[in-house]
**Q** 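Can you keep this structure in mind? I'll have questions shortly.
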Amino acid sequence: MAQRPDTPLLDQVTRPADLKGFSDAQLVQVARELRAETISAVSETGGHLGAGLGVVELTVALHAVFDTPRDKIIWDVGHQCYPHKILTGRRDRIRTLRQKDGLSGFTKRKESPYDPFGAAHSSTSISAALGFAVARDLGGVVAEGLGDAIAVIGDGSISAGMAFEAMNNAGHLKKRMIVILNDNDMSIAPPVGAFSNYLTRLYSENAMQDLKSVAKGAVSFLPEPFREGAKRAKEMLKGMTIGGTIFEELGFSYIGPVDGHDLTHLLPLLRTVQARATGPVLIHAITQKGKGYAPAEAARDRGHATAKFDVLTGEQKKSTPNAPSYTSVFGKTLVDLATEDDKIVAITAAMPDGTGLNLMAQRYPSRCFDVAIAEQHGVTFAAGLAAGGMKPFCAIYSTFLQRGYDQVVHDVAIQGLPVRFAIDRAGLVGADGATHAGSFDIAYLANLPGMVVMAAADEAELVHMVATAAAHDSGPIAFRYPRGEGEGIDLPESPEVLEIGKGRMISEGARVAILSFGTRLSEVTRAAEGLAARGITPTIADARFAKPLDRDLILDLASRHEALITIEEGAVGGFGSHVAQLLADEAVFDSGLKFRSMVLPDLFIDQASPADMYAQAGLDAQAIEAKVLEVLGIANLQDRRA
């Protein structure tokens, strides 16, 4: 274990109120120590490093000035909340971040009263802060009290439509609330879009200075004005005097840009806003993601997400993969197909690397579109591309596609448009926990008329499914695959276009049939090995499709076995439910078939390793083996003998 940093002042902080006993100069030192402690902790756990380093001074200033938890600090997304957790009584557990039974990597209401609103998706903070402000003014009662509501939102997150909807409503209601725009010119990927360019025009290209007065000039609490030589700074000052920013047009008093790393300016600014604000205020703070740690500052993503690393060198301690990741297999296959078909285009919502579309962007930049954090727009944009004769692949994580579900229904499915949904992070994902689990997409897509829903059992199957999606022009189609490495099998030289709605037999057995949908197939195979020692050989099949179902395969399995078990990496209401409906419609249950459906449990599973999460969910090989024994009555017989 690396030597821990020396933190004499931080050691005196057990709750935010302790910061109020320090001088401003001491708070500067607290920030230095907090940055060192954050780096040290994340080096041992891995996690989201760069975002937290970018808000160390903001975190100290907010907790030193405001009265938390009565005042509500709402961190948008939550990537940046590690320093906040250290200051709010969780330092003793900070080295359990993102681990089983440890601290969440995001804000979480049930974890601490200092986390008033949980978040792991973006652009929710202003809406939530406005809710707290209105609740306060209407006499709402919570245990910690209701004071000021402060939303801290990044420049990437504020470009999403939900943030503008919230600001529009906040400006109309005129409630006292504070929004801090944490502008680091970097979300997970470099920001894109016109709004990002607008923010860039609001501050000078030269070294950051600070304003002397704010819009509609009443309060003088900031140092020297921007240098006269900076043309864009002069334009900004002119805009401020006439209320020329988009934020003021939405009803906010705009202050900034200010240096988000200078506590000598942040502290008096926040104190003045706390004392004088009467309506919604937006403070535009310029920060640097990864600030104060050279390896993070130098990284392309500014240290957004890291494995465990060496503090001195920044070298990450990543294990050598045994097989290519599903994400990379998708990305490479799509590029290969796009080489042969110039109508193939790709859409990502601010996740080019995470979805594997960085490969497409490098090879065919004019056919790859990053729409920023705007899943709703991304889905309808893809629908428009499809209506225009292109073959769009809309690559969005399962948990993020939920945000564009109305568009999936209204703009894609009802119109029968051939949008191809590449759904990464299917199933349980590990350290990011429940907020990032791909638990619901089977259920929310397979109930849509005309939608084709596939799940890859391994990386070779994924190659075939990408090709199948590319060839499918009669309506929308989706294919899902998990995070992490594949099974290590050989990839096909030429992708096969699968017959829609047809599964495949894996092995023949007797008495019980197991019908797998997705990558639990490998666990089914392991379970079969354990069952063989008991003289039980199950039939195993890979469904491939949840919609449309392979009726012939399912009815054949049901007719030849006394029991049928389905298994999937999704919530109830998905593949197994559709199989049960088919069996009921065909009166199969009237003949006494024993049927079981293994799905994710009806709860949100906290972070752990994927293996631990699937064990908790009862979807690993051991649980599958136990289910087979239970349905055949063998386990119960042994229990009685015991």
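If you're wondering where the values come from, they're calculated on a predicted model, not measured in any experiment. The first residue in the sequence is number 1, and the count goes up from there.
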**Q** Enter the distance from T272:OG1 to L267:CG here, rounded to the nearest 0.5 Å.
**A** 10.5 Å

**Q** In Å, rounded to the nearest 0.5 Å, how long is the span from CZ of R483 to OG of S398?
**A** 14.0 Å

**Q** May I have the step-by-step check of side-chain contact (heavy atoms from CB on, under 4.5 Å) for E57 and H265, ending in yes or no?
**A** CA-CA 11 Å; E57 287 79 15; H265 297 160; over 6 Å; no

**Q** Within this structure, what is the CG-CG distance for the pair L53 and L34, rounded to the nearest 0.5 Å?
**A** 9.0 Å

**Q** Is there a side-chain contact between D183 and I158 (heavy atoms, below 4.5 Å)?
**A** no

**Q** Check whether any side-chain heavy atom of L181 lies under 4.5 Å from a side-chain heavy atom of Y254, and answer yes or no.
**A** no

**Q** Would T380 and D411 satisfy side chain to side chain donor-acceptor pair (under 3.5 Å), going step by step from the backbone distance to the final call?
**A** CA-CA 6 Å; T380 303; D411 300 331; 2.5 Å; yes

**Q** Please answer whether the main-chain N or O of P69 pairs with a side-chain N or O of E144 as donor and acceptor at a distance below 3.5 Å.
**A** no

**Q** So which heavy atom on L357 is nearest to which on I347, and how close?
**A** CD1-O, 3.5 Å

**Q** Going by distance alone, is a donor N or O of one side chain under 3.5 Å from an acceptor N or O of the other, for R91 and T7?
**A** yes

**Q** Can you confirm whether V30 sits close enough to Q12 that some side-chain heavy atom of one is under 4.5 Å from a side-chain heavy atom of the other?
**A** no

**Q** Measuring only between side-chain heavy atoms, which start at C-beta, is P116 closer than 4.5 Å to I73?
**A** no

**Q** Give a yes or no on whether the backbone of L10 and the side-chain of Q29 come within a donor-acceptor separation of less than 3.5 Å.
**A** no

**Q** Out of curiosity, H48 NE2 to T38 OG1, how far, rounded to the nearest 0.5 Å?
**A** 14.5 Å

**Q** If you take all heavy atoms of V152 and S125, which pair is closest and at what distance?
**A** O-OG, 4.2 Å

**Q** Do L282 and M167 have side chains that get closer than 4.5 Å, going by heavy atoms?
**A** yes

**Q** Answer yes or no: is there a donor N or O on one side and an acceptor on the other, between the side chain of E33 and the main chain of D6, under 3.5 Å?
**A** no

**Q** Where the side chain of H63 meets the backbone of D18, is there a donor-acceptor pair that is under 3.5 Å apart?
**A** no

**Q** Let me see the working for Y397 and V429 under side-chain contact (heavy atoms from CB on, under 4.5 Å), right down to the final yes or no.
**A** CA-CA 11 Å; Y397 291 3; V429 296; over 6 Å; no

**Q** Would you give the length of the straight line joining atom CD1 of I286 to atom NE2 of H261, rounded to the nearest 0.5 angstrom?
**A** 9.5 Å

**Q** Taking D148 for the side chain and D71 for the main chain, is one N or O donor matched with an acceptor at less than 3.5 Å?
**A** no

**Q** Give a yes or no on whether D602 atom CG has more than 12 heavy-atom contacts from other residues, nucleotides or ligands under 6.0 Å away.
**A** no

**Q** Show your reasoning for whether salt bridge (charged side-chain N to carboxylate O under 4.0 Å, His left out) applies to R90 and E111.
**A** CA-CA 9 Å; R90 288 170 277 182; E111 187 177 288; 2.8 Å; yes

**Q** Any sub-3.5 Å donor-acceptor pair from T96's side-chain atoms to Q99's backbone N or O?
**A** no

**Q** Is there side-chain contact between L27 and L19, with heavy atoms separated by less than 4.5 Å?
**A** yes

**Q** Ignoring hydrogens and angles, tell me if any N or O in the side chain of D115 forms a donor-acceptor pair with the backbone of F117 under 3.5 Å.
**A** no

**Q** Short question: side chain of T107, backbone of A119 - any donor-acceptor pair under 3.5 Å?
**A** yes

**Q** Quick check: do E165 and S127 have side-chain heavy atoms less than 4.5 Å from each other?
**A** no

**Q** Give a yes-or-no answer on whether the side chains of S609 and D612 include a donor-acceptor pair shorter than 3.5 Å.
**A** yes

**Q** Set out, in order, the CA-CA distance, both residues' side-chain angles and the distance that settles side-chain contact (heavy atoms from CB on, under 4.5 Å) for F22 and V13, then state yes or no.
**A** CA-CA 10 Å; F22 291 134; V13 179; 3.7 Å; yes

**Q** I need the minimum non-hydrogen distance between S104 and L97, along with the two atoms involved.
**A** O-CD2, 3.4 Å

**Q** With a sphere of 6.0 Å drawn around NZ of K308, does it hold more than 12 non-hydrogen atoms of other residues, nucleotides or ligands?
**A** no

**Q** Taking atom types as modelled, is there a side-chain donor on N182 or T287 under 3.5 Å from an acceptor on the other?
**A** yes

**Q** Considering all heavy atoms of both residues, which atom of V311 and which atom of Y293 are nearest to each other, and what is their separation?
**A** O-OH, 2.8 Å

**Q** Over all heavy atoms of both residues, which pair between D76 and S123 is shortest? Give the atoms and the distance, please.
**A** OD1-N, 2.5 Å

**Q** By side chain to side chain contact (heavy atoms under 4.5 Å, CB included), which residues pair with Q376, not counting sequence neighbours?
**A** Q407

**Q** Using a 3.5 Å cut-off and no angle test, enumerate the donor-acceptor pairs between side-chain atoms of residues 133-142 and protein atoms at least two apart in sequence or in another chain.
**A**
unit_1 : atom_1 : unit_2 : atom_2 : d
R136   : NH1    : G147   : O      : 3.1
R136   : NH1    : R176   : O      : 3.4
R136   : NH2    : R176   : O      : 3.0

**Q** What is the distance from atom CG of N184 to atom CG of D155, rounded to the nearest 0.5 Å?
**A** 5.0 Å

**Q** Please give me the minimum heavy-atom distance between I94 and E37, naming the atom from each residue.
**A** CG2-OE2, 4.2 Å

**Q** How about V179 and F247: do any of their side-chain heavy atoms sit closer than 4.5 Å?
**A** no

**Q** So, R271 and Q274: side-chain donor and acceptor under 3.5 Å apart, yes or no?
**A** no

**Q** What verdict does the side-chain contact (heavy atoms from CB on, under 4.5 Å) test give for I180 and L62, after you've listed the backbone C-alpha separation in whole Å, the side-chain angles of each residue and the deciding distance to 0.1 Å?
**A** CA-CA 10 Å; I180 297 178; L62 286 169; 3.6 Å; yes

**Q** Output yes when a side-chain donor or acceptor of R425 lies under 3.5 Å from a complementary backbone atom of G354, and no otherwise.
**A** yes

**Q** Side chains of R15 and T68 only: does a donor on one sit below 3.5 Å from an acceptor on the other?
**A** no

**Q** I'd like to know if the side chain of K85 reaches the main chain of F106, judged simply by a donor and an acceptor atom lying under 3.5 Å from each other, with no hydrogens or angles considered.
**A** yes

**Q** When you check the side-chain N and O atoms of Y114 and H84, is any donor under 3.5 Å from an acceptor?
**A** no

